[in-house]
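Worth knowing before you read on, the calculation uses all heavy atoms, side chains too, and leaves out hydrogens, waters and symmetry mates.
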Amino acid sequence: MLAPKKVKYRKWQKGRLRGLATRGASLAYGDIGLKATQHGHLSSQQIEAARIAMMRHIKRGGKVWIRIFPDRPVTAKPLETRQGSGKGAPVGWCAPVKPGRVLYEIKGVGMDLAKEALTRAAHKLPIKTVIVVREGF
């Protein structure tokens with residue numbers, strides 16, 4: 001699973017996801033990609049599950065780029081613990097995603113195969129997505 005080696009702060013405040021993505025909003029590496037149309041936080045497990053679903057479908061053909069990285073810590077309090085006594089311990093990592101952000105890109109496989117692979121990846125994610133294609137592909 002993806003996780004940062006080192007972070008400045010162990011626990012972050014949640015913050016709010018507002019507006020559209022300005023960075024990473026267009027295809028940079030591949031010919032076809034999966035773009036978010038909804039706000040959300042993707043956990044490192046969800047990112048990895050979508051990647052595995054894609055790779056299994058394209059069977060060692062082509063190249064896949066993951067355009068997001070989970071760098072925000074997620075905290076949780078232990079089960080059956082009363083409220084109060086501070087914030088919970090870090091339990092995992094997530095990537096904040098704004099609408100318009102390209103999540104995955106594929107190059108080197110046919111259009112039909114790539115679309116099916118990205119559809120399978122989209123089923124693993126908790127946000128709505130669309131498939132975008134580079135001009136002239």
Side-chain angles (χ1 to χ4, degrees):
M1 240 101 40
L2 296 171
K5 288 188 183 82
K6 184 178 162 188
V7 287
K8 190 169 183 182
Y9 297 108
R10 239 176 100 238
K11 301 175 184 178
W12 288 19
Q13 291 190 342
K14 252 195 190 90
R16 291 289 171 266
L17 288 172
R18 297 170 62 181
L20 302 174
T22 52
R23 304 161 83 87
S26 59
L27 292 175
Y29 307 105
D31 296 323
I32 185 167
L34 192 67
K35 185 181 261 200
T37 58
Q38 218 178 11
H39 291 282
H41 287 89
L42 300 183
S43 71
S44 58
Q45 290 92 342
Q46 291 163 342
I47 295 168
E48 182 68 6
R51 184 195 68 80
I52 289 169
M54 268 192 300
M55 297 305 279
R56 283 203 177 134
H57 190 69
I58 61 174
K59 294 194 180 95
R60 296 171 53 128
K63 182 153 174 56
V64 172
W65 286 270
I66 303 172
R67 295 283 307 277
I68 50 173
F69 186 79
D71 59 349
R72 287 185 76 103
V74 177
T75 61
K77 291 178 85 69
L79 292 176
E80 299 179 10
T81 305
R82 289 175 179 236
Q83 291 300 304
S85 71
K87 189 170 179 155
V91 293
W93 301 91
C94 76
V97 173
K98 290 182 176 182
R101 179 78 190 214
V102 175
L103 308 175
Y104 299 96
E105 293 185 29
I106 298 179
K107 187 175 189 162
V109 295
M111 175 72 93
D112 296 336
L113 190 66
K115 275 190 177 178
E116 180 58 30
L118 290 171
T119 304
R120 287 178 185 224
H123 288 312
K124 303 286 182 188
L125 301 176
I127 59 173
K128 290 180 182 161
T129 56
V130 293
I131 292 172
V132 291
V133 180
R134 186 185 295 281
E135 292 289 323
F137 176 63

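- Nearest heavy-atom pair, Met54 versus Tyr104, reported as atom, atom and distance to 0.1 Å: CE-CD2, 3.2 Å.
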side-chain contact (heavy atoms from CB on, under 4.5 Å) evaluation trace for Lys35 with Val102: CA-CA 4 Å; Lys35 185 181 261 200; Val102 175; 4.0 Å; yes
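- Minimum interatomic distance between Trp65 and Ile106 (heavy atoms only, all atoms of both residues): CZ3-C, 4.5 Å.
- When side chains are defined from C-beta on, Val64 counts as touching Met55, because their heavy atoms get closer than 4.5 Å.
- Separating the CZ atom in Arg101 from the OG atom in Ser26 is a distance of 10.5 Å, to the nearest 0.5 Å.
- Annotation: side chain of Asp71 is not in contact with side chain of Val7 (no heavy-atom distance under 4.5 Å).
- Within the 4.5 Å cutoff, the side chain of His39 has heavy atoms near those of the Pro99 side chain.
- The local environment of OH in Tyr29 is sparse, with at most 12 non-hydrogen atoms from other residues, nucleotides or ligands closer than 6.0 Å.
- What you find for Ile32 and Ala114 is that their closest heavy atoms are CG2-CB, 3.5 Å.
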Output a table of donor-acceptor pairs, distance under 3.5 Å, between side-chain atoms of residues 122-137 and any protein atom two or more places apart or on a different chain; print 'none' if there are none.
unit_1: Arg134; atom_1: NE; unit_2: Gly30; atom_2: O; d: 3.1
unit_1: Arg134; atom_1: NH2; unit_2: Gly30; atom_2: O; d: 2.6

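- Annotation for Lys98: atom NZ counts as buried by contact number, over 12 foreign heavy atoms lying within 6.0 Å.
- Side-chain contact check for Ile47 versus Pro70: some heavy-atom pair is nearer than 4.5 Å.
- We find the NZ-NZ distance between Lys107 and Lys63 to be 11.0 Å, quoted to the nearest 0.5 Å.
- Among residue pairs with one or both ends in residues 7-24, none qualify as side chain to side chain donor-acceptor pair (under 3.5 Å); sequence neighbours excluded.
- Side chains of His41 and Val74 form no contact here, defined as non-hydrogen atoms less than 4.5 Å apart.
- When all heavy atoms are compared, the tightest approach of Leu17 to Pro96 is CD2-CB, 3.7 Å.
- You'll find the side chain of Trp93 stays beyond 4.5 Å of the side chain of Leu2, heavy atoms only.
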Stepwise side-chain contact (heavy atoms from CB on, under 4.5 Å) check, Ile66 with Arg51: CA-CA 8 Å; Ile66 303 172; Arg51 184 195 68 80; 3.5 Å; yes
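- Inter-residue side-chain proximity for Ile52 and Glu48 is flagged as met; some heavy-atom pair is nearer than 4.5 Å.
- The main-chain N or O of Ser43 is found under 3.5 Å from a side-chain atom of Gln46 such that the two form a donor-acceptor pair.
- Looking only at distances, no side-chain donor or acceptor of Thr81 sits under 3.5 Å from a matching main-chain atom of Lys77.
- Hydrophobic clustering of Ile, Leu, Val, Met, Phe, Trp and Tyr side chains at less than 4.5 Å, counting indirect connections, keeps Leu27 apart from Leu103.
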